[in-house]
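The structure under discussion appears below in the form of structure tokens.
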Amino acid sequence: MSYIYGLLQSFIAFLLNTADKYVGNFGLSIIVVTIIIKIILLPLTIKQDKSMKAMKKLQPQLEEIKKKFANDKQMLNIKTMELYRENKVNPAGGCLPILIQLPILFALFGVLRSGIIPKDSTFLWMKLADPDPFYILPILNGAISFVQQKLMGTSENPQMKQMMYIFPLMMIFISYKMPAGLQVYWLTSSIAAVVQQYFIMKKGD
């Protein structure tokens, strides 16, 4: 795993250095590389959207199964999995793009800390290797996260409605001590995800 992580870190460093030759700023390079990564992951994003739509269609049937087998957890699980199989739905399908982004995030963190990118590299008001001193990026990350939740229509489910407000606050709390370079990556990735989601919803099935 460490070998694969090292390769990923080297690849991201290569992309950032290549982009920097053309744009002349590592902050802008992070934005360019983030957009490239989002384009590469676009097929998975579309698959995620299809999985979420399929899960949404099955929600009424899932609720019926929950009511019918409320006192029989084993049968509840069996019938739920049968419903997924019959409709060719993978309940974990919507998590794949998020899981793939985590190694990229860790690798970028390693690149920022390794010295491959000069530690005094700046973008706008920030040093990329240090947290945003004014907490502007964490707040923007939380706001964009809220917009994402709204676009995905999670407000129809009471539990997900709570997450729609809790998750952005978690994002702010988690990211406020992150290096600004990571926050730039996360913000750009989130904005790109919102744009993708808009056009996917506009196009429909």
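Small disclaimer: the values here were computed from a predicted structure and weren't measured. As a basis for the values below, the full set of heavy atoms in this structure was taken, side chains included, without hydrogen atoms, waters or symmetry mates. Position 1 is the first residue of the sequence; numbering continues from there.
Distance check: Asn141 CG to Met178 CE gives 8.0 Å after rounding to the nearest 0.5 Å. With rounding to the nearest 0.5 angstrom, the NZ atom of Lys66 is 13.0 Å from the CD atom of Gln61. For the atom pair Tyr135 OH and Leu140 CG, the distance stands at 15.0 Å (nearest 0.5 Å). Between Tyr185 atom OH and Ser190 atom OG the span is 9.0 Å, to the nearest 0.5 Å. Annotation: the span from Ile65 atom CD1 to Ile78 atom CD1 amounts to 11.5 Å, rounded to 0.5 Å. If you take CG on Leu137 and OG1 on Thr188, they are separated by 9.0 Å, rounding to the nearest 0.5 Å.
The hydrophobic cluster containing Ile35 also contains Ile144, counting ILVMFWY residues as joined when their side-chain heavy atoms lie under 4.5 angstrom apart, directly or transitively. Under the 4.5 Å side-chain contact rule for hydrophobic residues, Tyr176 and Leu124 do not share a cluster. Cluster membership check: Phe173 does not share its hydrophobic cluster with Leu169, using side-chain heavy-atom separations under 4.5 Å among Ile, Leu, Val, Met, Phe, Trp and Tyr. Ile36 and Leu187 end up in the same hydrophobic cluster when Ile, Leu, Val, Met, Phe, Trp and Tyr side chains are linked at under 4.5 Å. Ile139 is not connected to Ile191 by any chain of hydrophobic side-chain contacts under 4.5 Å among Ile, Leu, Val, Met, Phe, Trp and Tyr, and they are in different clusters.
Taking 4.5 Å as the limit, every side-chain heavy atom of Glu64 sits out of range of all side-chain heavy atoms of Lys67. Inter-residue side-chain proximity for Pro138 and Gln183 is flagged as met; some heavy-atom pair is nearer than 4.5 Å.
The shortest non-hydrogen separation linking Pro131 to Lys177 is CG-O, 3.4 Å. Across Ala129 and Pro179, no two heavy atoms sit closer than the pair O-CB, 3.7 Å.
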Expected list for residues 21-34: side-chain donor-acceptor pairs under 3.5 angstrom, two or more places apart:
{"unit_1": "Asn25", "atom_1": "OD1", "unit_2": "Gly27", "atom_2": "N", "d": "2.7"}
{"unit_1": "Asn25", "atom_1": "OD1", "unit_2": "Leu28", "atom_2": "N", "d": "3.1"}
{"unit_1": "Asn25", "atom_1": "ND2", "unit_2": "Thr122", "atom_2": "O", "d": "3.1"}
{"unit_1": "Ser29", "atom_1": "OG", "unit_2": "Asp20", "atom_2": "N", "d": "3.1"}
{"unit_1": "Ser29", "atom_1": "OG", "unit_2": "Asn25", "atom_2": "O", "d": "2.9"}
{"unit_1": "Thr34", "atom_1": "OG1", "unit_2": "Ile30", "atom_2": "O", "d": "2.5"}

